[in-house]
Amino acid sequence: MAKLAYERPIINRISAGIPDKFGMQSRIRPIPQIEGLSVEELMKKHGSPLFVLSEKTIRDTFRSALKAFETRYPSVQFAWSYKTNYLDSVCRIFHQEGSWAEVVSRFEYEKALANGVPGNQIIFNGPHKTRDDLEVAIENDSLIHIDHFDELYTLLEIAGKSVTKPKVAIRVNMDTGIFPRWERFGFNYENGEAWDALNRIMLSGKLDLVGLHTHIGTYILAPSAYGMAANKLAQLAINLARKYNHHIQYIDMGGGFASKNTLKGAYLPGTDTCPTFDEYADAITSALINSEIEPDHMPTLFLESGRALIDDAGYLLGTVVANKRLPDGRRATIVDAGVNLLFTSFWYDHQVVPAVISSQHTENTTIYGPLCMNIDILRDAVMFPLLRPGERIVVPRVGAYNMTQWMQFITYRPNIVLIDTEQRIHVIREQENQNTFQTSERIPQYLK
Ligand SMILES: *Cc1c(COP(=O)(O)O)cnc(C)c1O
C-alpha cells in the first residue's frame with residue numbers, strides 16, 4: 001500500500017457549508033470524466049487550465065426548455081443570447097436547434113451574420129446602437145428593440161429617408177415584485193412611458209411595430225415575476241389592438257432564468273432552489289393565454305434565455321500548484337485557474353471538486369487562483385481534501401458568461417474544447433500566445 005500523505009492536524013472553526021442533521025457534509029464527489037472522457041487525458045492533450053463544453057448537454061438542455069414552452073403555447077421562438085457565450089461553435093449549435101440570434105452590440109451583430117443567421121432572425125437589443133448600427137440593422141431587416149427616446153428619434157429620422165420600413169419593438173421595464181428592478185433599460189410601464197413610446201411609434205407611421213420586449217433581470221428565482229411581466233406586456237398589446245387595431249407579432253420575454261449554480265450568501269444550494277423550465281413556462285404562458293388578447297392574434301412567444309441553457313454544459317479544469325497554511329490556520333490551495341477565467345466566481349459559490357480523490361480527509365480550504373491579486377479567489381471556504389501539486393480540479397457549470405467576460409490579465413487564455421455527441425474532441429478556440437497580442441500592438445518608430 002502506498003504511504004499516505006501526512007497532513008498536520010488542526011482545529012477547525014466551521015465556516016464552510018451548512019451542517020445538516022448528519023453534521024457537516026464532508027462527502028465530496030469527484031469528477032474524473034466528462035462525457036465519458038478522462039479529465040486527466042483531456043488536460044494532458046490540451047493543457048491546463050482548460051475549458052470543456054459538452055455538445056450533448058447543450059442540445060439536451062435546449063430541447064427540454066423548448067419542450068416546456070411548446071407544449072404550453074402555440075408559437076414559440078428562442079433566440080440565443082450571444083453575450084452569454086458567443087463562441088461560434090456554441091452559437092451554431094443553438095442555431096442548428098432552431099434558435100435565432102439575440103445581440104447587444106455591433107460586434108455580436110456581425111458575429112451572428114458571420115454564423116449564417118439571416119438578418120431578419122437577429123434581434124438587436126441593448127442601450128448603445130450607433131446611427132450606423134441602426135442603418136445596417138434596417139437594411140438587413142433585423143428586429144430593433146428600442147431602449148430609449150433618443151434611439152427612437154434617430155430611428156424616425158433614418159426611417160424618413162430609408163426605403164425599407166424599420167421593424168421595431170420597444171423594451172419595457174416594470175415592477176414585477178422583485179428586486180433589483182432593472183429600470184435603466186427600456187421604457188417604464190408603470191409611469192406610462194412605455195405607452196407613450198408606443199403611441200409615438202404608431203402615430204409616426206414610419207416604423208413597423210412588430211413586438212414588445214422585456215428582460216426583467218437575471219438569475220430570477222421567482223417564476224411569478226415572469227407571470228406579472230407577461231401580463232403587463234399583454235396589456236400593452238391589448239391597448240394597441242383597441243386603439244389602433246394593430247396586432248403585434250411577438251412578445252419577447254427576454255432571459256433571466258436561473259441556472260443551478262449557488263449564489264453567494266444563499267442558504268440552500270442552487271440545485272435545490274432553481275425553478276424548472278416547466279415552472280417558468282407555466283407562469284409565462286398562463287399569463288398570455290388567459291389575457292384578453294384575441295385568439296386569432298396570439299403573438300409568438302420569444303425567449304432569450306442565456307445562462308440556464310448553457311451553464312451546465314461548461315467545465316473549467318485546472319491543476320493544483322501548491323498548498324499553504326494561512327496565519328489563521330486555514331488551508332489555502334493554489335490552482336492555475338482564477339477569476340481571470342472564472343468571472344462568475346464573483347457572484348457564485350462555484351462547486352470545485354477534485355478529478356480524483358486521494359485522501360478522505362476534508363478541511364476548510366480556500367482555493368486561490370494564480371494571479372497576483374488578493375481578490376483572486378476561485379472558491380472561499382469549501383470542505384476539500386488535500387490535493388498534491390499536479391493533481392487536477394474540476395469546476396462544473398461554468399458555461400455561461402465566463403468565456404465572454406474572462407480577462408486577459410498576465411496570462412494567456414487557454415484552449416476551449418468541445419466534446420461532440422460522438423465523444424470526439426474539437427478545439428474550438430485555441431490558447432492565446434505572444435502572437436495573439438503582437439498582431440494588434442504598434443510600436444512607434446522612436447521606441448524601436
Ligand atoms: C443578457 C441578456 C439575456 C440573457 O440573460 P440570462 O440571464 O443569461 O438568461 C437575454 N436578453 C437580454 C436583453 C440580455 O441583456
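Note that ligands are numbered from 1 as they come in the structure, with each ligand's atoms numbered from 1 the same way. Given the structure is predicted, the values throughout are model-derived calculations rather than measurements.
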Subject >> Close aromatic pair by centroid cut-off 6.0 Å: Tyr219 and Trp347 >> reply: no
Per-pair distances, 0.1 Å, donor-acceptor, side chain in residues 367-378, under 3.5 Å, sequence neighbours excluded:
{"from": "Asp376", "atom 1": "OD1", "to": "Val339", "atom 2": "N", "distance (Å)": "2.7"}
{"from": "Asp376", "atom 1": "OD2", "to": "Leu371", "atom 2": "N", "distance (Å)": "2.8"}

Report all N/O contacts between ligand 1 and the protein shorter than 3.5 Å as a table of atom names and distances to 0.1 Å; if there are none, say 'none'.
{"from": "ligand 1", "atom 1": "5 (O)", "to": "Tyr401", "atom 2": "OH", "distance (Å)": "3.4"}
{"from": "ligand 1", "atom 1": "7 (O)", "to": "Thr218", "atom 2": "OG1", "distance (Å)": "2.4"}
{"from": "ligand 1", "atom 1": "7 (O)", "to": "Gly256", "atom 2": "N", "distance (Å)": "3.2"}
{"from": "ligand 1", "atom 1": "8 (O)", "to": "Arg307", "atom 2": "N", "distance (Å)": "2.8"}
{"from": "ligand 1", "atom 1": "8 (O)", "to": "Tyr401", "atom 2": "OH", "distance (Å)": "2.6"}
{"from": "ligand 1", "atom 1": "9 (O)", "to": "Gly256", "atom 2": "N", "distance (Å)": "2.7"}
{"from": "ligand 1", "atom 1": "9 (O)", "to": "Gly306", "atom 2": "N", "distance (Å)": "2.8"}
{"from": "ligand 1", "atom 1": "11 (N)", "to": "Glu304", "atom 2": "OE1", "distance (Å)": "2.6"}
{"from": "ligand 1", "atom 1": "15 (O)", "to": "Lys83", "atom 2": "NZ", "distance (Å)": "2.6"}

**OP:** Classify the ring geometry between Phe346 and Phe343 as parallel (under 30°), tilted (30 to 60°) or perpendicular (over 60°).
**Re:** perpendicular
Original post:
Should we count NZ of Lys111 as having more than 12 external heavy atoms under 6.0 Å?
Top reply: yes
Subject >> Flag if over 12 foreign heavy atoms under 6.0 Å of NZ, Lys56 >> reply: no
Original post:
Salt-bridged, Arg106 to Asp133, with N to O below 4.0 Å?
Top reply: yes
